[in-house]
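Quantities reported herein were computed from a predicted structural model and do not represent experimental measurements. We count residues from 1, following the sequence as given. Atoms within a ligand are numbered from 1 in the order they appear, just like the ligands themselves.
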Amino acid sequence: MPSALAVETRRFASRNPATGEVLREFDCAATEQVQAAVARAHGAQAAWWDRGVQHRRQILLQFQRLLHERKSEVARLVTQEAGKPYAESLVAELMVVLDAARFCCQTAKAFLQPQPVPHGNLIMKAKSGVLLREPHGVIGIISPWNYPFSTPASETLAALVTGNAVVLKPSELTPLVALKLEELLHTAGVPRDIFQVVIGDGATGSALVDSAVDKIVFTGSVSTGRRIAQAAAPRFLPLVLELGGKDPTIVLEDADLDTASSGVVWGAFMNAGQTCLSIERCYVHRSVHDRFVEACVVKARRLRVGNGSDPETEIGPMIHERQLQTVEAHVADALAKGARLLCGGTRLPELGPNFYAPTVLTEVTHAMRIMTEETFGPVLPIMPFDIEGEAIHLANSSDYGLAASVWTSNPARGKATARRLRAGTVMVNDSISAFAISEAPHGGPRNSGIGRTHGRLGMEEMVRVKYVDSDRIPAMKKLWWYGYGSAFSAQMEGFLDFLFARGLVTRLRGGMRSLGAVRRKSQI
Ligand code: NAD
C-alpha cells in the first residue's frame, strides 16, 4: 500500500461527487506522522540533489512515459473522484502534467547551471560573480480538489527536478488521485522518501506548515492561505500562495460574437465553474450586448450535464454540497437585488446529489455578491458597458487579480487592453487555457496570492539563490579597506567623479586624483 499514513482519531471518506458513492475511507495523518515524513524527506534530499540534474531528468522522463501509457486509467480516476468530464480530465489534468514534465526536463539543466553575473562598476571588475540555484530542501505542497492531479503534479515536478524532496498534503476530497501520483512517481524511480503523500484534512495541512519543511507551496482558498501565512510568519517560512480569483472578461464591440460567446461559455462553465481561472464576470459592449447574451443562453442551454464518466457529458457535478450552497446564495442575492435569470438557477437532483444547471444572469451590478465574491460554480453574470475605459475600471475593481480575458477581432487592440488590466495573466481571445502553457507563469496579485507556479518563474520558487563573489587577484588589498584619512577621502571623491560626473574633463581629473588610493601607504 502507498504511504497513506494512518491514525486512529479523524476519519473521512473520498466520494464520487456524481453519485455520492464512497470510494474509500481514510484516517488523517497525525502531527507526528507528518513530522516523521518530513524528517525522512530531509534525510534523503541531499543524495537526491547529489545525483545531479541529468539523473532527475531521466526519472521525470520515465514518469512522463508511464503517465502517457496509463493516461486513460488516471483520467478515469480523476473523473471519478473530482466529477469533471473525462475529456477535461485528459486535457486539463493529464496533458498539463505530461507537458510540465517535458518543460522541466528541457529547462532544468540550463536553469541550474551557475549563472555568471558581469559587474558593471569598474571598481568591482576584478571580482567574478556567479549566481547559484540550490534546492530549498523539503517542499511542503498543499493542494485543492478542483485540479487534483495537475496542480500538485506540476508543482511537484518542478520541485523534484531542481533537487528538492516533496511532502504533499492533497485535498481530503481527492486523496485517491494524489496516491495515484505517488504510485506513478515511485514506479518511475523517484525514491520513496523523496516524494511522500500525507493524507488528511486541514489539521494535517496545518501540521505540515508547522513541521520542518523549508517552503510551502499552497493552492487553495484565500481564508486558508491567510491562516497559512500567519502560521508561517514567525519563522519567515517562505511561501507560494495560489489563491482564488474573480476573473473578468471583456467583450469589445469588434469581437466575433460567435467565437466570443463560445469561448465565454466554456470559460465560465468548464469544470462546472470550479476553476481558479474561471470567467466569473463578463462585461460586454452595449452595442452587442443583447446579441451576445442571446448566443450565450442558447449555448448554455445546449450543454450536456451529467456524470463525467459519460463521454457525452460536458458539465459534471460540483464537488460537494457546501459548494452548491455558495452558488445558490450568490444567485439568490443577485435575484433579490434585481438580476434577471435567463437560464439555469436550479439544482438538477434527478442527475445526482451535486448537479447545478448552467446559469446565465443579466442586469447584474457590483452591489451583488455574484460580481465581487468568488462563486466557484457554473454561473455567468453579464453586464453591459459603454466605453472601454469603463469596462477596464470595472474589471480592475476587485480584491482578486488572478487572470482576465479580452475578446476582439483586433489582436493589437487586445494586447493594448491587456496592458491596462490588473491581473497575473491576461488572455486575448481565450480564457483559462494559459494554465496549460507550461512556459507561462501562473499566479496573481492581491487576494490571488503570492509568487508563481509553472514556467521559469515557478522553477525559481523551488530554489534559493546564492551569490558567489570571488576576487580574481587574491593577493590584492581592496581599495576600500582601512587606511582612511583626508587624502583617501579626496581620492574617493575623485573616483566618484571619474565614474559618475557628467563632463569628460571632470571625469578625467577625478580619475587622476583617485590614482593615489591604489598606492597609498596608510593602508593596513
Ligand atoms: P481550501 O483552502 O479549503 O483547501 C485547500 C487545501 O488546504 C486542502 O488540502 C485543505 O485540506 C488544506 N487546508 C485547510 N485548512 C488548512 C490549514 N489551516 N492549514 C493548512 N492546510 C489547510 O480550498 P479548496 O476548497 O480545496 O479549493 C478551492 C479554492 O482553491 C478556490 O478558492 C480556488 O480559487 C482556489 N484555487 C486556486 C488556484 C490557483 O492556482 N490560484 C488553483 C486551484 C484552486
For the residue pair Ser405 / Ser431, report whether a side-chain donor-acceptor contact shorter than 3.5 Å exists. no

Any side-chain hydrogen bond (donor to acceptor under 3.5 Å, both in side chains) involving residues 350-366? Give me the pairs, sequence neighbours left out, ordered by first then second residue. Tyr283-His366

Of all residues at least two apart in sequence or in a different chain, which pass the side-chain hydrogen bond (donor to acceptor under 3.5 Å, both in side chains) check with Arg452? none

Name the residues with a heavy atom less than 4.0 Å from ligand 1? Ile142, Ser143, Pro144, Trp145, Asn146, Lys169, Pro170, Ser171, Glu172, Asp201, Gly202, Gly205, Ser206, Phe218, Thr219, Gly220, Ser221, Thr224, Arg227, Ile228, Glu242, Leu243, Gly244, Cys276, Glu374, Phe376, Leu402, His442

Mind checking what makes ring pair (Phe, Tyr, Trp, His ring centres under 6.0 Å) contact with His454, not counting sequence neighbours? Phe435, His442

Please name the residue in the list Arg369, Arg322, Arg347 that meets the salt bridge (charged side-chain N to carboxylate O under 4.0 Å, His left out) test with Glu328. Arg347

Backbone N/O of Phe103 and side chain of Ser438: donor-acceptor pair under 3.5 Å: no

